[in-house]
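Note that these values count all heavy atoms, side chains included, but never hydrogens, waters or copies made by symmetry.
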Amino acid sequence: MIRRSTLLLASLLVACGTEAGSDDAGPIIIDAASDATADTGGSDVGDDLEDAGDDVADSTADTADSDTTPDATPDAPVDVVPDDTAPPRSCSADSECDDGLACTEDRCDAELRHCVWSPLANRCAINGVCYARGDSRPGTPCLVCAPDTNTRAFTPRAAGDECDDGDACTAGDVCDAEAVCGGEALVCNDGNDCTVDRCDSALGCVEDHRPDGVACDDGDACTEADACFGGMCEGAPLGCDDGNDCTADRCDAELGCVSEPLTGAACDDGDACTAGDTCTDGVCGATEPTNCEDGNACTIDLCDPFAGCSYLPNLNPCCTGTVSICDDRDPCTTDLCDPATAECTQEANTAVCDDGDACTVSDRCEDGACGGRPRTCDDGNPCTADACDPDSGCTFEPIDGGACDDGIDCTTGDACVRGRCLPAVNECTCEPHFGRQAVKLTALRIGSGGRPGEALDLDLNPSTCSPPTDCSDGRHNALGVIGSFVNPSLTESVADGSLVLVLDIDDIGLNPFQIAFHQGELDPVDSACTPADGGCRYRVSPATLTRDTCEPVVTLEATRAGTAVSAGGRGTTFPFTLPFGDASVTITLYDVRFQGTVTISGDRVTRLDGVLGGAVPRAELITALSSLPADSLPVDPASLEGLLRALVQEDIDVNGDGTPDAASIGLVVSGVDAVLTGLTTD
């Protein structure tokens, strides 16, 4: 029994070594000498030894679970292969010692014939499961496999080490001194009044939309009646018109309405008996009385501050009521009457008159006849036949065919093609240089009338506006009457990418700065980009650049005051393509201006909204529309021409001779940020 007792004691010492010795007890050895039976002469030694091994395993498990024994790894069980999967305790070859774990080296001690299991480098074998260095105990990220410390039990990570507690509602997770992973509660606040913020342990912060119509604050002082719609706070534009002609009214996103006093601008002081009303430091004042002299000897001329000029009959033998008996209805004669005899005489004058001929300008009376100097109808384009119609004025018929000269030395074989002088050979080379950023127009339509937000004051005269039945505050949009049949095609063309208008901005941080207008196309390398989202890349048409220098054809000087932007003015032109179904027509806008607002992030414009205004000679528009296929127009060409002549008035003086010769147009536009990459291949 000495041998049996000795072996039992040895087995107990091996088992106890895991707790009483170092943190790593080394290889696991569970067996009795293969010759125990021979040495003791008893056949029951192997059975006793097997029982002893079972006792060791049970004892070890009990020790590991005991709360009375201090342990650097709380509740970490000692690494003993369970009995139901353990290989034989005695062995004669390594193959008999397979414990089924890929992370241990299984061998049979040749001398003692014991199975020995040793964890491989950088691996742990814990409770019959393999772990790699750094693997966490399931559900306990602060207990890890640390082979340098212990290969058969999890080791606590140092307090302060980063971890992940698996809860998306905590942040900055770290291990504490008790090997517990935890973090600070996540604060969910997206700053949006239109969401209810909460935290989901699996998803993290979640924003639920408030019901549409709930009041909110979008943080923009230029909106009012803010309310939630689709989880976003939106408001109606704030009206900043203070009713004072002598202030420039605008809205600042932070300050709200701002009214800056004007000096020198025309105004109306509300007194019909004053003239030359002018602003001085924001106050409207008159410079002279209203001249009510009508030159009619048969009237008594009066002025009422509210009604203005009025004329009473003059009791005179030369008059019938307020009409002279000597009136010959000729504007080029001054009618005289002798009150004593009622005898009439006429004298020739030099008064301003109208000879009824649209091909003359500056009409005046001379030698009793009304006449004027010939109107100049040269548009400077060698590929249009310039003429004048006595009824409508200048006409410019496109020429197709025939030689021309585009004025560029590096092109040859120039010929007229549908009103444009194009070269057969273009040897011009230049590299376009774009500004720091661009804005692509995502919305474009003709305004519905001459109202704020739909048109601009193109002649800078607040006392005039058009169309006369739908205008105010000096704004002009005579072509607003064609919006109903142009806008559907215009909107569709912008949406499907067949009409691409891009504004090239040299530097929004400068004041003034330059805005160039281009037509182009989406860069094919960016075909998956959604233009409305912004950031898309575009190529511009060479037709919008001069061939020899690559400078933009259309450039407007712009100024910015906060978010308000103004650009263009007298003398600017912009060739513009209007779509009509499957066809299109190019017209030229004159005296182009832009007024609107921008949203700026950093040094880039992320959004632009406003009105682009200009004027088109009515005759040019009629000629251009007449060149379209009949099936692309809403009515036949003859009827359309009649409508344009009847409904569209020429309200803007483009050539500066004092006579309106073009019809105004207001284009309502919106745009988002874009990038220019080069030229199209057309």
Side-chain angles (χ1 to χ4, degrees), residues 236-251 259 262 265-270 272 275 277-279 284 308 393 443-487 490 564 566-570 572 574 576 578 587 589-597 609-622 640 642-654 656 658-670:
L238 185 65
C240 288
D241 187 355
D242 62 2
N244 183 356
D245 293 341
C246 291
T247 58
D249 305 321
R250 61 182 178 86
C251 193
S259 299
L262 299 177
C267 60
D268 182 358
D269 64 0
D277 299 347
T278 305
C279 298
C284 185
L444 178 67
R445 64 176 175 84
I446 297 178
S448 60
R451 302 288 181 181
E454 304 285 327
L456 300 178
D457 182 1
L458 295 176
D459 63 1
L460 302 180
N461 183 353
S463 65
T464 64
C465 66
S466 62
T469 57
D470 186 20
C471 67
S472 63
D473 302 317
R475 289 171 170 79
H476 297 265
N477 189 8
L479 288 171
V481 296
I482 70 172
S484 59
F485 63 87
V486 173
N487 283 339
L490 196 58
S566 298
R570 293 283 297 180
T572 56
F574 178 27
F576 177 65
L578 282 173
I587 60 176
L589 297 183
Y590 295 88
D591 294 350
V592 180
R593 292 180 56 208
F594 171 80
Q595 285 185 350
T597 60
D609 298 278
V611 178
L612 180 68
V616 184
R618 186 174 59 183
E620 288 187 26
L621 179 61
I622 292 173
L640 178 61
L643 288 172
L644 290 175
R645 292 190 185 280
L647 299 177
V648 177
Q649 70 176 100
E650 291 185 306
D651 55 338
I652 302 298
D653 175 21
V654 170
T659 302
D661 51 20
S664 57
I665 187 171
L667 296 163
V668 183
V669 301
S670 295

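The two residues Asp661 and Glu650 come nearest to each other via the heavy atoms O-OE2, 3.0 Å. Of all the heavy atoms in Arg593 and Gly568, the pair that sits closest is CG-C, 4.0 Å. Here the closest heavy-atom approach between residue Cys284 and residue Asp269 is recorded as SG-N, 3.4 Å. Between Ala663 and Ala478, the shortest heavy-atom distance links the atoms CB-CB, 4.3 Å. Looking at every heavy atom in both residues, Phe594 comes nearest to Val669 through CE1-CG2, 3.8 Å. For Asp653 against Gly658, the heavy-atom pair with the smallest separation is OD2-N, 2.8 Å.
Checking each of Ser466, Cys471, Pro467 against His476 for a side chain to side chain contact (heavy atoms under 4.5 Å, CB included) leaves exactly one that passes, namely Ser466.
With a 4.5 Å cut-off on side-chain heavy atoms, Ile665 and Asn477 count as touching. You'll find the side chain of Leu479 reaches within 4.5 Å of the side chain of Leu621, heavy atoms only. Under the 4.5 Å side-chain criterion, counting only non-hydrogen atoms from C-beta, Asp651 is not in contact with Thr464. Residues Glu454 and Val668 form a side-chain contact, since some pair of their non-hydrogen atoms from C-beta on lies under 4.5 Å apart. Using a 4.5 Å heavy-atom cutoff, the side chains of Cys267 and Pro462 are not in contact. With a 4.5 Å cut-off on side-chain heavy atoms, Asp591 and Leu458 do not count as touching.
The CG atom of Asp249 lies 5.5 Å from the CG atom of Asp241; values are rounded to the nearest 0.5 Å. For the atom pair CG (Asp245) and CG (Leu262), the distance works out to 9.5 Å, reported to the nearest 0.5 Å. With rounding to the nearest 0.5 Å, the separation of CG in Leu612 from CZ in Phe574 is 6.5 Å.
No side-chain donor-acceptor contact under 3.5 Å links Thr597 and Asp609.
Taken together, the cysteine pair Cys251 and Cys240 keeps its SG atoms at least 2.5 Å away from each other. Checked against the 2.5 Å cut-off, the SG-SG distance between Cys246 and Cys279 falls under it.
Each salt bridge (charged side-chain N to carboxylate O under 4.0 Å, His left out) pair with one or both residues in residues 459-476, not counting sequence neighbours, appears once here: Arg451-Asp470, Asp473-Arg475.
Checked against side chain to side chain donor-acceptor pair (under 3.5 Å), Asp242 has the following partners two or more places apart in sequence or in another chain: Thr247, Ser259.
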Quiz prompt | side chain to side chain contact (heavy atoms under 4.5 Å, CB included) between Leu589 and Val616, worked out | solution = CA-CA 5 Å; Leu589 297 183; Val616 184; 3.4 Å; yes
